[in-house]
*Asks:* 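Right, I'll just put the structure down here and ask away after.
Whatever order the structure lists them in is the order used to number ligands and atoms, beginning at 1. All of these numbers come straight from a predicted model, not from anything done at the bench. These values consider heavy atoms only, across backbone and side chains, with no hydrogens, waters or symmetry-generated copies.
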Amino acid sequence: MQPICQLEVEPSATDDNRAMKPPEAGQSTFVTHLECSKTGERHEAGQVHGLSRAGAPLLVRYDLGALSETLKIADLAMRPPDIWRYREMLPVRNPENIVSLGETMTPLLHTSRLGGKNVFIKDEGRLPTGSFKARGLCMAVSMAKELGLSRLAIPTNGNAGAAMAAYARRAGMEAFVFCPDDTPEINMREIALQGAKVWRVNGLITDCGKIVRQGINPAGWFDASTLKEPYRIEGKKTMGLELAEQLGWQLPDAIFYPTGGGTGLIGMVKAFDELEEIGWIGSKRPRMIAVQASGCAPIVKAFESGADHAEFWEDARTVAAGIRVPAAMGDFLILEGIRKTGGFATAVDDSAIDDARRQVANLEGILLCPEGAATYAAYLKELKKGRITRKDSVILFNCATGLKYPMPAVDDSLDHNQPVDYQALI
Ligand SMILES: *Cc1c(COP(=O)(O)O)cnc(C)c1O
């Protein structure tokens with residue numbers, strides 16, 4: 001039925017995509033297959049997959065040769081500033097399956113008072129649900145729609161659950177969300193309000209993951225855990241594509257990334273490799289620097305001991321909930337990404353995170369989330385240690401809006417009935 005009254009609105013990115021020529025089978029994307037990240041075994045595209053047959057994350061592979069014949073840098077100029085401008089490099093086959101809440105490109109903010117002259121903050125807090133989890137879950141839910149799934153479950157420290165709930169409901173799907181019991185209250189509430197069923201679990205995210213995994217058969221849901229489904233990584237890959245485009249296809253010297261499950265770090269490394277293969281960038285790579293909290297630093301420990309896999313981190317604790325991940329499914333991929341780019345892993349204390357958050361807000365007017373603040377704390381630490389210099393161009397990732405997190409109390413007040421001592425105010 002036609003709506004009686006239609007408002008005139010700007011066409012959204014999704015509408016725009018819908019207006020594209022209808023996809024001939026397989027031609028709206030260049031996906032060839034999915035590849036096991038451990039064994040390289042091929043898995044067929046267009047089917048529901050979790051982990052590979054060898055129990056490792058699956059990576060989406062594209063016909064990059066054909067893609068580079070079709071897509072040119074100049075084509076991007078005509079497209080809306082959102083993640084779907086890179087649609088040929090993304091897995092959704094039929095644009096009608098795109099589930100969108102407006103996945104805008106995020107600003108790359110140049111700073112001048114944080115140490116070096118080339119320090120940029122990539123502010124991901126502008127995305128739907130206020131965090132970069134929107135990139136991954138937008139892709140996962142769009143692919144779930146394409147593959148005919150309708151009931152999704154996820155273990156989360158907060159932001160991933162919020163993003164999944166929002167996109168699942170946008171697509172008319174059911175969402176089941178399991179959070180450690182100290183997940184920030186605001187996350188619990190946004191998840192619930194966005195129509196998901198959400199529970200606090202008296203354990204860590206790994207315990208929540210177990211509940212989701214064991215529920216696959218009895219509850220009939222699809223497990224949307226980080227890296228246990230193949231498409232969140234493709235969504236996070238857009239951070240790397242976007243960064244490269246914003247910097248004129250010249251990559252920076254280093255990227256500080258707050259690393260929990262590591263999807264973003266792995267996704268960006270994949271993005272850069274694909275961009276080189278289609279000839280849009282050269283062989284220079286930013287050093288990928290995994291930032292963790294001292295109270296939960298399995299990747300740092302593995303990096304420093306030369307291991308390929310990380311051990312489970314006992315008694316994980318930090319104010320930066322998004323990086324409180326004691327065991328990461330893709331640990332070996334994170335370590336590989338760090339090592340092959342000449343990067344490293346480093347840990348910072350909660351007190352340094354709090355200080356960094358205060359400093360960046362005060363010096364630059366940018367309110368970071370604790371995980372984003374951890375990247376600045378790590379930058380300062382590494383300047384001192386000498387693994388980074390002031391000359392290096394660096395990107396600090398602020399993964400969520402600072403407004404979602406507790407802030408120090410304010411006690412100052414004025415009595416408007418009394419004379420004001422203005423000298424005391426300034
Ligand atoms: C999830 C999350 C992270 C960690 O991202 P990964 O790509 O999973 O390592 C960092 N910060 C915030 C705010 C997050 O929500």
*Asks:* Non-hydrogen atoms of S131 versus ligand 1: any pair closer than 4.0 Å?
*Replies:* no

*Asks:* What is the closest protein heavy atom to atom 8 (O) of ligand 1, and at what distance does it sit?
*Replies:* G261 N, 3.4 Å

*Asks:* Is there side-chain contact between L108 and L243, with at least one heavy-atom pair below 4.5 Å?
*Replies:* yes

*Asks:* R53 side chain to H43 main-chain N or O, any donor-acceptor pair under 3.5 Å?
*Replies:* no

*Asks:* State the atoms of ligand 1, each with its element, that fall below the 4.0 Å cut-off from a heavy-atom position in K236.
*Replies:* 5 (O), 6 (P), 7 (O)

*Asks:* Show the numbers, then the answer: is there a salt bridge (Lys or Arg N to Asp or Glu O under 4.0 Å) between E234 and K270?
*Replies:* CA-CA 9 Å; E234 294 302 295; K270 186 171 188 284; 2.7 Å; yes

*Asks:* At a 4.0 Å threshold, what atoms of ligand 1 neighbour a non-hydrogen atom of A400?
*Replies:* 13 (C)

*Asks:* Going by atom types only, do D253 and S393 share a side-chain donor-acceptor pair under 3.5 Å?
*Replies:* yes

*Asks:* By number and element, which atoms of ligand 1 are closer than 4.0 Å to a non-hydrogen atom of G264?
*Replies:* 7 (O)

*Asks:* Just jot down the ligand 1 atoms closer than 4.0 angstrom to any heavy atom of Y257, in number order.
*Replies:* 5 (O), 6 (P), 7 (O), 9 (O)

*Asks:* Say whether G322, considering both its backbone and side-chain N or O atoms, lies within less than 3.5 Å of an N or O atom on ligand 1.
*Replies:* no

*Asks:* Under a heavy-atom criterion of less than 4.0 Å, does P258 contact ligand 1?
*Replies:* yes

*Asks:* Can you confirm whether the side chains of D181 and N202 place a donor and an acceptor under 3.5 Å from each other?
*Replies:* no

*Asks:* Does F132 have a heavy atom less than 4.0 Å from any atom of ligand 1?
*Replies:* yes

*Asks:* Out of all atoms in ligand 1, which are within 4.0 Å of some heavy atom of Y405? Include the element for each.
*Replies:* 13 (C)

*Asks:* Under the 3.5 angstrom rule, does the side chain of D354 hit a backbone N or O of S351 as a donor-acceptor pair?
*Replies:* no

*Asks:* Considering K133, E371, R324, which one's heavy-atom position lies nearest to atom 14 (C) of ligand 1?
*Replies:* K133

*Asks:* Quick one: sort the W199 and F178 rings into parallel, tilted or perpendicular, breaks at 30° and 60°.
*Replies:* parallel

*Asks:* Consider only side-chain N and O atoms of T346 and K381, and report whether a donor and an acceptor are under 3.5 Å apart.
*Replies:* yes

*Asks:* Just let me know how N159 lines up against ligand 1, side chain, backbone, both or neither, with a heavy-atom cut-off below 4.0 Å.
*Replies:* side chain

*Asks:* Are any non-hydrogen side-chain atoms of K237 and E274 less than 4.5 angstrom apart?
*Replies:* yes

*Asks:* Could you list the atoms of ligand 1 found under 4.0 angstrom from a heavy atom of T259?
*Replies:* 9 (O)

*Asks:* May I ask whether T226 has any heavy atom positioned less than 4.0 angstrom from an atom of ligand 1?
*Replies:* no

